[in-house]
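The structure displayed is predicted, hence computed values, not measured ones.
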Amino acid sequence: MAKQTAPYTTLSQSSRLKKTLSQMRFAILHDKAGFAGFCILCIIILLSIAAPIVFPLDTMSDPSQIMQGPSAEHILGTDYLGRDIWAQIANGGRELLIFALVAALIGIALGALLGAFSAIVGGIFDEVLSFLADVWLSIPRFPLLVVLSGFVKLDSMTLAVVLGVLSWAGLYRTIRAEVLSLREREFIEAAFMQDLPLPHIILKEILPNLMGFIIVNFTLLMRSSIYSQVGLVFLGLLPLEQNWGVMINQAWTQGAIYNPDSILYILAPTVMICLLIISLVWAGKALEDVFNPSLRK
């Protein structure tokens, strides 16, 4: 038994990581939509990092430049306070990316760990968690956030934690199903026969084999988190911080859509959000094609 399972149990974490990175590189280079998605995402990330230095935000209003169209000085025009729109676009993705990253990390951690423990432990623990997941999935998330914002003051990080907690149930169900099939493999049986600790079996043996599946769901959680935050900001239910959703809210309330000279004020952040969502969709699709053998060409 030990000789048969050696190729699985002796596979180091670095080897698994190299294999995962190799698969991701394959996805980037061999899928045109995936390659475009990764390029767009990298550009947005680099722009968000460099923007505070290269394109600093205007801190002073200029009444003589209110709601102006594109010009040599302001390539996308100005907002309702006369501030440069391009500088806000360049700086607006950073807070949104951090928010989506935190929400997705919390959701992935809860869903993956609870799903794996539930499938391995079984019994009453599994039944209770499965029941809670079914109840959790029946709750409409966005209306719940709208109601919650009326009772609790939500900032971006608080909302990220709430969204991460609300996102665990769907991933829990899929991870649990994957682990139930994975636990029948020989290398998992060998790990139990060696009396390895349960955290070791889950963290070192099971979850690394689901890393591709987890990465794909990570992009999906980032996308849904962005939808939720932009929707709440547009409804005016979140504090107005500096991101593209806030720009859409301010442009809409200031009537930019009715002013031909300032149409880019509402159009530019909308396009950036669409590009971010599309990049996550294309990147996630490329990763799914690679990590899911049934979809692999």
Side-chain angles (χ1 to χ4, degrees), residues 33-34 36-49 51-52 85 88-112 137 139-149 152 154-171 174 214-253 265-288:
F38 278 107
C39 289
I40 294 172
L41 186 59
C42 289
I43 291 173
I44 292 176
I45 292 174
L46 291 176
L47 181 62
S48 300
I49 294 174
I85 292 176
Q88 297 179 49
I89 289 292
N91 288 272
R94 183 172 58 258
E95 189 266 341
L96 201 58
L97 284 170
I98 294 174
F99 162 82
L101 183 65
V102 172
L105 284 174
I106 294 174
I108 285 290
L110 288 176
L137 288 172
I139 301 174
R141 186 168 64 175
F142 191 78
L144 176 63
L145 291 172
V146 172
V147 174
L148 187 62
S149 64
V152 180
L154 295 176
D155 55 21
S156 290
M157 286 300 103
T158 304
L159 179 62
V161 174
V162 172
L163 280 173
V165 173
L166 291 176
S167 302
W168 72 272
L171 183 62
T174 51
I214 290 174
I215 291 174
V216 171
N217 280 270
F218 182 80
T219 61
L220 296 177
L221 285 179
M222 286 189 66
R223 184 181 65 187
S224 63
S225 299
I226 292 171
Y227 279 137
S228 298
Q229 202 228 34
V230 171
L232 290 173
V233 167
F234 182 76
L235 294 175
L237 300 176
L238 287 181
L240 297 183
E241 301 176 11
Q242 181 57 49
N243 64 48
W244 298 325
V246 172
M247 290 183 66
I248 296 175
N249 173 275
Q250 292 176 339
W252 179 266
T253 56
Y265 185 19
I266 192 171
L267 187 60
T270 303
V271 170
M272 292 303 297
I273 291 174
C274 291
L275 287 175
L276 178 57
I277 295 297
I278 288 174
S279 68
L280 292 173
V281 171
W282 285 348
K285 180 62 170 60
L287 293 175
E288 187 177 13

Between W168 and I106, does the side chain to side chain contact (heavy atoms under 4.5 Å, CB included) criterion hold? Intermediate values first, please.
CA-CA 8 Å; W168 72 272; I106 294 174; over 6 Å; no

To the nearest 0.5 Å, how far apart are [atom1] in [X] and [atom2] in [Y]?
X: L171; Y: I108; atom1: CG; atom2: CD1; answer: 4.5 Å
X: I266; Y: N249; atom1: CD1; atom2: CG; answer: 9.5 Å
X: T253; Y: I248; atom1: OG1; atom2: CD1; answer: 12.0 Å
X: R141; Y: Y227; atom1: CZ; atom2: OH; answer: 12.0 Å
X: L105; Y: L110; atom1: CG; atom2: CG; answer: 11.0 Å
X: L163; Y: L144; atom1: CG; atom2: CG; answer: 10.0 Å

Strictly distance-based, threshold 3.5 Å: is any side-chain N or O of [X] a donor or acceptor partner for the main-chain N or O of [Y]?
X: N243; Y: L96; result: no
X: W244; Y: I89; result: yes
X: R223; Y: I277; result: no

Test L276 against L97 for side chain to side chain contact (heavy atoms under 4.5 Å, CB included), laying out the working first.
CA-CA 9 Å; L276 178 57; L97 284 170; 3.8 Å; yes

Considering all heavy atoms of both residues, which atom of [X] and which atom of [Y] are nearest to each other, and what is their separation?
X: S279; Y: G37; value: CB-O, 3.2 Å
X: N91; Y: P52; value: OD1-N, 3.4 Å
X: M247; Y: Y265; value: O-CE1, 4.3 Å
X: T219; Y: G284; value: OG1-CA, 3.6 Å
X: S167; Y: G107; value: CB-CA, 4.5 Å

Between L280 and F218, is a side chain to side chain contact (heavy atoms under 4.5 Å, CB included) present by the stated rule, with each step listed?
CA-CA 10 Å; L280 292 173; F218 182 80; over 6 Å; no

Who are the side chain to side chain contact (heavy atoms under 4.5 Å, CB included) partners of V147, not counting sequence neighbours?
F151

With sequence neighbours left out, the residues meeting side-chain hydrogen bond (donor to acceptor under 3.5 Å, both in side chains) with S225 are none

Please step through side chain to side chain contact (heavy atoms under 4.5 Å, CB included) for the pair T158 and V161, ending with a clear verdict.
CA-CA 5 Å; T158 304; V161 174; 5.8 Å; no

